[in-house]
Structures are given as structure tokens and as C-alpha cells.
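Beneath this line is the structure, given in C-alpha cells, with notes to follow.
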Amino acid sequence: MTTDLGFWVLQTLNALQLSMLLFLLSVGLTVIFGLMHFVNLAHGSLYAFGAYVAATLSGTLGYWGGFLLAPLAVAVLGAGLYFSLIQSQRRAGPMAQVLVTFGLIFVAVDATRLVWGDLPIGIAIPSFLDGQIALLGVEYPIYRLFIIALGLAILALLTLVLTRTQVGAMIRAGVDNDRMAACLGINVERMFFLVFVVGCALAGLAGAVAAPVLSVTPDMGLQILIPTLIVIVIGGLGSLRGAVAGSLIFGFVQTFGAVLLPTLSSVLIYALLAAVLVTRPEGLLPAKG
Amino acid sequence: MLETRSLSKSFGPIQVTRNVSLKLEKGERRVILGPNGAGKTTLFNQLVGELRPDSGTIHLDGADVTALRVADRARRGLSRSYQKNTLFDGLTIAENLGLAAAVALGKGQGLWSDPLQSAEVRETVRDVAAQVDLAPHLDARVDAVSYGIRRQLEVGIALATRPKVILMDEPTSGVGPEMSKGFHRLLKALPRDLTILIIEHDMDLAFDVADTITVLNYGEVVFDGLPEAARGSSLLKDIYLGAWEDA
Amino acid sequence: MFTHTPLRLATLALLAAAALTYAAVAGFFGLEILAEIAILAILVIALDLVAGFGGMVSLCHGALLGVGAYAFTVAANDAGLTALPAMILAIALSTALAFVIGAVCARSTGIYFIMATLAFGQMAYSFVFQSPLYGGDDGLSGAPRPDLSALGIDLTDSRAFALYALLLVALAYAVAAATLRSGLGRSLVGLHHNEKRLRALGLTVWRAKATAFAISGALAGLAGCLAAQHTQYVSPGLLSWTVSGEALVVVILGGLGTLVGPILGAVLFVILKHEISALTPYWHAIVGLILIAVVMSRANGVFGFLETRLAARKPQPQVKEAKADA
């Protein structure tokens with residue numbers, strides 16, 4: 001089967017789809033880290049929340065209602081978390097922030113169980129994205145192509161914002177050197193808030209688009225957390241390019257590992273992570289030189 | 001005791017050390033002068049092994065140590081203090097000195113006894129505390145004492161390894177003139193067989209303790225000789241009055 | 001630096017007295033809980049040694065525990081060893097594994113260290129999970145308990161087993177405390193504060209870190225052996241990173257870098273778990289809320305809170321002593 005071109009096309013598309021989903025999740029996480037120096041371990045929970053909101057709203061408002069409102073709802077939740085927990089812990093240091101978000105994971109898992117129950121929730125794919133399309137000799141689900149396209153579009157948009165706009169320049173300055181950025185008169189607090197909320201919205205978006213392909217369960221946030229962390233650590237914390245590289249590496253290693261080396265597949269990605277950290281302790285493309 | 005032969009180092013296009021050859025005899029006290037950015041600290045970093053030179057060699061007590069790592073050079077009797085305090089902040093002053101002495105005595109990996117209780121370490125702590133005037137503060141935590149005392153501890157930690165050669169990077173940086181003078185008195189009272197290399201900004205104080213003077217400018221040795229000669233040198237005056245004053 | 005302050009000694013004495021009294025009067029269920037506390041206590045002592053004192057926050061301690069548990073079970077079941085040699089072998093294996101992980105991760109710090117240990121832990125987890133030799137998802141059963149009939153002790157009796165587990169906790173604590181008071185332990189705390197300076201003073205940093213991690217791994221392996229003997233069943237779940245995460249929560253709730261605090265944390269955690277889960281299926285949320293509250297209160301866990309409160313009441317010299325930990 002491995003000599004068949006269709007096989008390679010199919011798996012490459014699968015890998016890209018996984019990569020793009022991970023990219024949506026990791027980009028927010030990594031930029032938040034670059035600016036604020038803490039890893040938001042509850043990022044996966046925000047993604048799960050996005051998926052639940054999308055699943056719930058799609059019942060009444062249709063898929064696109066959920067698709068648009070889920071990121072908004074997660075952004076509002078993120079803003080609430082920022083003001084109630086994250087901001088007040090800034091002076092206590094990054095470790096306190098990490099631990100607070102660690103505690104949030106526990107709360108979030110049980111909160112979703114309490115509201116939505118333990119059973120997986122399904123969500124229908126909108127009719128015009130439903131079905132398959134012939135592509136390079138394989139039949140591929142349109143919805144999965146939509147995920148790839150969405151990921152690429154967000155990537156293009158973020159690249160544009162970060163490289164061409166004033167806000168982007170400020171963020172890059174902040175990642176480079178936050179004290180310097182503050183000296184240059186950038187309102188660091190407002191920038192943190194903005195980036196945090198946008199990162200949350202992207203996690204919510206990832207949840208909304210993932211909902212139809214994965215089952216929506218209370219522990220989906222926990223399931224995605226480790227892959228997301230692996231992505232940003234392999235890529236190098238704080239860098240957009242790192243998030244892209246890490247997502248692609250993870251997506252391809254995971255997808256091709258599972259079909260080509262099924263016995264080794266689950267060890268493979270961790271072995272890669274270990275290899276990267278041993279040879280490049282700061283990841284492949286760290287934000288700071 | 002400590003010697004460099006044609007040491008050179010560049011960061012990209014900028015050459016920070018140019019062909020530096022120095023030779024310190026045992027017990028010599030040498031002061032390195034030079035404007036900011038002259039490459040003084042970069043030279044120190046290469047001497048202790050925190051930075052690799054591009055070319056040239058470093059010799060300690062007759063042996064070529066250029067390829068040795070930081071810890072290995074330290075074990076051969078090379079010790080340094082930093083321009084910016086590099087202490088063990090949560091610990092007491094006695095623990096800071098004790099830890100340094102214990103590691104230098106090779107007890108830093110031991111499993112069967114507490115080196116801080118050993119006679120050797122306690123004696124070293126007591127001696128060094130007397131040398132850098134820390135005896136009254138031994139039980140105070142580092143983060144509870146004044147900046148000046150932390151500065152003394154910075155040098156004390158380097159001394160607690162009982163080194164043959166000690167490199168001090170601006171030991172009086174940031175302290176007032178009174179404390180600075182007091183520190184130089186302490187410095188002069190150190191054992192005569194200890195080889196000392198000091199980076200110092202204050203010329204008068206430098207002449208006060210130096211046996212010999214080296215002047216660095218743009219990574220290059222521009223003067224090497226006795227303090228009396230340096231004092232009269234117009235070259236030093238140019239550097240000192242030129243680039244230096246505004247530093 | 002680690003010291004046995006009067007408060008710590010008093011807490012230890014109190015914990016020991018309470019545990020022994022409870023072991024004497026408790027019924028079957030209570031004794032099971034006591035054994036569970038003992039296993040968790042050994043694991044958190046191991047974790048606090050490296051995370052609390054050395055700043056090496058590890059997410060592979062669950063895996064080290066699991067490796068110990070599996071190695072013990074396999075050595076006893078398949079290699080036909082009796083319990084004691086099997087324990088020694090299992091602990092040796094987790095020690096060696098921890099030494100390698102510690103050596104390889106020695107250059108990483110902060111989140112990178114956490115992720116590197118996670119990677120190694122998950123590799124061990126996947127290996128055990130996927131290998132048919134070790135029962136895969138089903139796990140292995142039949143781990144024996146040590147035969148102490150020569151001493152007139154029957155460890156199949158849950159009271160005897162609980163006392164035996166408490167003895168191992170005391171042993172683990174003694175090893176950890178002795179390590180912290182040794183040259184290595186002093187260096188470990190120094191590394192936490194200033195790695196660069198310690199290297200400049202002549203310490204071979206990677207070896208100090210690897211050795212400390214190995215000792216911690218030995219204790220985690222001991223906890224694994226005890227866990228295997230307790231339930232006489234091992235499953236891949238023991239190696240999961242969530243076990244490490246839970247242990248980390250216990251260390252933080254108890255008091256990072258106090259050694260005594262995490263033991264107190266283990267007691268409270270297991271009791272809370274059983275009490276709350278009897279009332280509501282959402283006990284994780286309660287644990288999460290407690291964790292958030294503890295972190296936001298800025299106290300160093302329950303025990304750290306006690307230490308600061310007590311120190312605030314006493315004259316100056318005591319303040320120093322109580323705070324002289326890592």
C-alpha cells in the first residue's frame with residue numbers, strides 16, 4: 001500500500017489537518033508564553049469549552065452559529081479568567097500562574113461534566129461541507145479540507161498582523177524584551193490582555209472546528225494538552241514560526257507513525273521530543289536569540 | 001601562575017579580544033583597566049572557561065587549561081567573582097561560604113556526611129569571613145543584608161574555594177567611596193602568595209593595590225607594566241580622559 | 001538549606017503517633033487507606049527531594065513508580081525471585097532509569113525540564129502499554145507480598161501490611177533527609193539558587209543533578225514496589241503523567257521544599273479524596289479549587305502556612321531558622 005500515491009496523499013492530508021488543529025491551539029499558547037512567561041495549562045480546557053459551546057449552539061443556531069459564537073464565548077471566559085486569576089498572580093511569578101491554571105483543569109473537567117454530562121456529544125457537519133471530494137486520486141472529506149484551509153488562513157492572518165501592523169510590532173517587541181517594550185511606552189498590561197484573549201478565542205475556534213470530527217467529551221481538553229505542549233516545546237516557546245514547525249512535525253510524525261510504524265507510534269513523538277530537548281534545549285526555533 | 005598566549009575572540013564581526021598575551025607570576029596583584037566595552041569581562045569569561053576563545057591558549061600553574069571546562073579549571077585553583085552579584089540568595093552567608101568551600105574540597109557530591117559540619121569547611125568559613133569582614137553577618141540570610149555586604153560575600157565565595165588564582169570583576173562596583181576604600185584595605189591584607197587579577201574602574205584605588213597594571217582598549221593590550229609607568233603614560237591618559245570619563 | 005526545625009520534628013512525631021494509633025484501631029477499609037497514604041507519601045517525598053529542594057519539577061515520577069511496580073511484579077512472577085530480591089532489582093532499575101533521565105535533562109530548566117521529563121515518562125508509559133509481555137492495557141496481577149513469616153509477621157493481614165508500609169515511609173523519609181544533609185543535598189539546594197555559580201566553584205553539575213534524581217527515582221521505585229504489593233495488581237495507569245501531576249499537587253498543597261509538608265499533604269489528599277468522593281462525583285473540582293486557593297493565598301502549602309505563622313510569633317532568630325529551607 002505504501003507504493004500507492006493515493007495512500008501518501010491521504011496521509012499527508014490527514015497529517016496537515018492534525019497539524020492545523022494543533023497550530024490553532026499552540027499559537028495562542030506560545031505567544032502568551034513569549035509575552036507573559038507562563039504556560040497556560042488550562043488552554044486545553046478552553047478548547048474543550050469551545051467545542052461544547054459549538055455543539056450546544058449548533059442545535060439551535062446551526063453549525064455556523066456555533067462556529068462564530070464559540071470563539072467569542074471562550075474569549076469572554078478567558079477575559080474573566082484573566083481578571084480574576086491570572087492578572088493578580090503576575091507579581092507572584094510564572095510558577096504561581098502555571099499552578100493556578102493547573103488547578104483550573106480539574107475544575108474545568110468537572111464543570112463540563114456537571115453541565116453537559118459524561119457522555120460524548122455529537123455535532124453535525126454543515127451540509128455544504130459534508131461529503132467527499134476527489135483530490136489527486138483520493139476521496140477526501142470536504143470538512144477536513146476546510147480545517148486545513150482555515151488553519152492556513154489563520155496562519156496567514158496572524159503573520160500579517162505580527163509583521164505588518166503596529167500591534168504586531170509591539171507584540172514582537174514584548175516577546176523580545178518586555179522591559180524594553182515597557183520603556184518604549186507600550187501599554188504592556190493591555191497588550192497582555194489582548195494577546196491572552198485572542199489566544200483563548202483561537203483555542204475556542206479550534207474546539208469548534210474539531211467538534212464534528214472528534215467526539216466532544218469532558219476530558220478532550222486534557223487529551224489535547226500534552227500534544228499542544230509538545231508542539232510548542234519542540235518549536236521553541238514564544239515563536240510563531242516555532243508553533244508552525246512544531247505543529248507540522250507533530251502532525252506528520254503522529255500520522256505517518258501510526259500507519260507506518262504502528263508498534264512504535266506512541267513512543268515516536270516522545271522520543272522526538274526528548275531528542276529535540278537534548279540537542280536543542282530551547283526548542284528548534286526559539287523566539288529569543 | 002596564569003598566562004595567556006595570543007588569545008583572540010570575536011562575536012560575529014566584532015573582535016572583543018585581540019591577541020591578548022598576559023603573564024602573572026605567583027603572588028602578583030594585577031589590575032586591568034580599560035573603558036567600558038574594552039573586553040575586560042569577556043577576557044575573564046575566557047580565562048575561567050565560560051567562553052571559548054577562537055584562538056590562543058590559557059595556562060594555569062604551568063598546565064594548558066584551554067580545553068578544560070569551567071568546573072575543571074575551578075578544581076585546579078582558579079576562582080572568580082562577578083561584577084553582578086551571583087550569590088545563593090535564599091541561604092545564609094555562612095551557608096554561601098560553606099557551600100563554596102565544600103564544593104571546592106570535592107565534597108559537593110558526597111552522600112555520607114554533611115560537609116557544612118566538617119572541620120575543614122567550618123575553618124574555611126571562619127577564615128574567609130575574617131578576610132572579607134563578614135564575621136558579624138554569618139547567620140544572616142543573603143537577601144536580608146545590605147548591598148555592600150553582598151558585594152563582600154561575592155568575593156568571599158570566590159575566596160572560600162582557597163584558590164591559587166582569583167579573578168575579581170569590579171569588586172567594588174556600585175558601592176560608595178568609603179566602602180570601596182575599606183574593601184581595598186581588605187584586599188591588601190589577603191595572603192601574599194595568592195595571585196590576584198582585578199578589573200577596576202577607579203584609577204586611584206587601582207594604583208593603590210596593583211603590583212602591575214594592564215590596560216585594555218578595544219580588546220587589545222595597550223599597556224602592560226608598573227603602576228608608576230602607567231601613571232605617567234599619556235596613552236592611558238588619553239583613554240582615561242577620552243572614552244572612559246563618560247562611561 | 002534543609003534543617004529539622006522544632007515544628008518539623010513535632011509534626012513528624014505527631015504524624016507518626018497518629019498513623020500508629022490509627023493502624024492499631026482501624027478496620028479493613030481504614031487500613032487500606034493507610035497503605036494508600038503510605039504509597040503516596042513515599043512518592044511525594046521522592047518528588048519533593050528533587051522538585052522542592054533542587055527545583056527539578058518532574059513529570060516522570062509516576063513512570064518511575066510504575067517501572068518499579070512492573071519490574072517488581074515481573075521479577076517475582078516470571079523470574080521466580082522472592083519478594084525481597086525482586087524489590088532490590090526493581091528499585092535498582094528505577095534508580096538507573098532516573099539517573100539516565102536526570103543526566104540527559106540536566107541542561108534543561110523550567111518548562112523545558114518539565115517537558116523533557118514528561119517525554120521520558122510517556123515513553124515508559126507507551127512502552128509498557130504496548131508491550132504484550134507486560135499485559136498491555138490489562139496490566140499484570142499476582143505480585144507477591146514479602147514473606148516475613150520467619151519473623152512471625154503475616155503481611156497478607158492488612159494491619160501488618162499497613163504497619164510495614166509505614167515503616168517504608170519512615171525509611172524513605174530517612175533516606176531523603178540524609179540526602180538533603182549530605183554534600184550532594186547541599187549542592188542540590190545551591191543548584192536551585194544559582195547553578196552558574198556552583199559550576200564556577202567546581203561542581204560537576206550534571207552528575208549532581210543525575211545523582212539526586214537517581215536517589216529520588218529509587219524512592220519512587222520503592223513506592224512502586226509497595227503499590228504492587230498492596231493491590232497485587234499493576235496497570236499502565238500507574239506510569240501515566242497524571243500520577244506525576246497528582247503527586248505534584250500533593251507536594252504543593254503540603255508545602256514545596258519542606259519534606260514534612262508533602263507527607264501531611266498526602267494524608268490530607270487521600271482522606272479528602274475518599275471523603276469528598278463519597279459525597280460527590282466531582283471531587284477533582286474541589287481539589288482544583290483548593291489548589292487555586294492555596295496558590296493564590298501565597299502560602300507555601302498547608303505546612304508552609306504553619307511555618308510562616310509560627311515564625312511570625314517568635315523572636316528574630318527563629319524566623320531565620322524556620323525560613324532556612326530551600
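In the text below, chain A, chain B and the rest are named by the order of the sequence lines, each starting its count at 1.
Both the backbone and the side chain of A:Leu104 have a heavy atom closer than 4.5 Å to some heavy atom of chain C. With a 4.5 Å cut-off on non-hydrogen atoms, A:Leu85 touches chain C through its backbone and its side chain both. With a 4.5 angstrom heavy-atom cutoff, C:Leu289 touches chain A via backbone and side-chain atoms both. No part of A:Phe38 comes within reach of chain C, as not one of its non-hydrogen atoms sits under 4.5 angstrom from that chain. For A:Pro218, no part sits under 4.5 Å from any heavy atom of chain C, backbone or side chain. Proximity to chain C is absent for every atom of A:Val109, based on heavy atoms less than 4.5 angstrom apart. With a threshold of 4.5 angstrom between heavy atoms, A:Leu268 does not approach chain C through any atom at all. Heavy-atom distances place both the backbone and the side chain of A:Leu114 under 4.5 Å from chain C. Using a 4.5 Å cut-off between heavy atoms, C:Val294 does not touch chain A at all.
When side chains are defined from C-beta on, A:Phe23 counts as touching A:Leu240, because their heavy atoms get closer than 4.5 Å. Annotation: side chain of A:Phe250 is not in contact with side chain of A:Ile234 (no heavy-atom distance under 4.5 Å). Two residues are said to be in side-chain contact when any heavy atoms from C-beta on lie closer than 4.5 Å; C:Val249 and A:Phe106 meet this criterion. Inter-residue side-chain proximity for A:Ile226 and A:Ile230 is flagged as met; some heavy-atom pair is nearer than 4.5 Å.
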Pairs of donor and acceptor atoms under 3.5 Å between chain A and chain C, please, with atom names and distances.
from: A:Ser88; atom 1: O; to: C:Arg298; atom 2: NH2; distance (Å): 3.3
from: A:Asp110; atom 1: OD2; to: C:His284; atom 2: N; distance (Å): 3.2
from: A:Asp110; atom 1: OD2; to: C:Ala285; atom 2: N; distance (Å): 2.8
from: A:Arg113; atom 1: NH1; to: C:Pro281; atom 2: O; distance (Å): 3.4
from: A:Leu237; atom 1: N; to: C:Tyr112; atom 2: OH; distance (Å): 3.2
from: A:Ser266; atom 1: OG; to: C:Gln130; atom 2: NE2; distance (Å): 3.2
from: A:Tyr270; atom 1: OH; to: C:Gln122; atom 2: NE2; distance (Å): 3.2
from: A:Val278; atom 1: O; to: C:Arg107; atom 2: NH1; distance (Å): 3.1
from: A:Glu282; atom 1: O; to: C:Tyr112; atom 2: OH; distance (Å): 3.4

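When each of C:Ile101, C:Val100, C:Leu49 is paired with C:Phe213, the side-chain contact (heavy atoms from CB on, under 4.5 Å) condition holds for C:Ile101 and for no other.
Here the closest non-hydrogen pair linking A:Ala210 and A:Tyr47 is CB-OH, 3.6 Å.
The 12-atom threshold is not exceeded at CZ of C:Phe305, counting heavy atoms of other residues, nucleotides or ligands nearer than 6.0 Å.
Taken from CD1 in A:Ile269 to CD1 in A:Ile249, the straight-line distance is 8.0 Å, to the nearest 0.5 Å. Here the CG-CG distance, from A:Leu202 to A:Leu29, works out to 11.5 Å after rounding to the nearest 0.5 Å.
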Evaluation steps, side-chain contact (heavy atoms from CB on, under 4.5 Å), between A:Ile232 and A:Phe33: CA-CA 10 Å; A:Ile232 62 173; A:Phe33 179 89; 5.6 Å; no

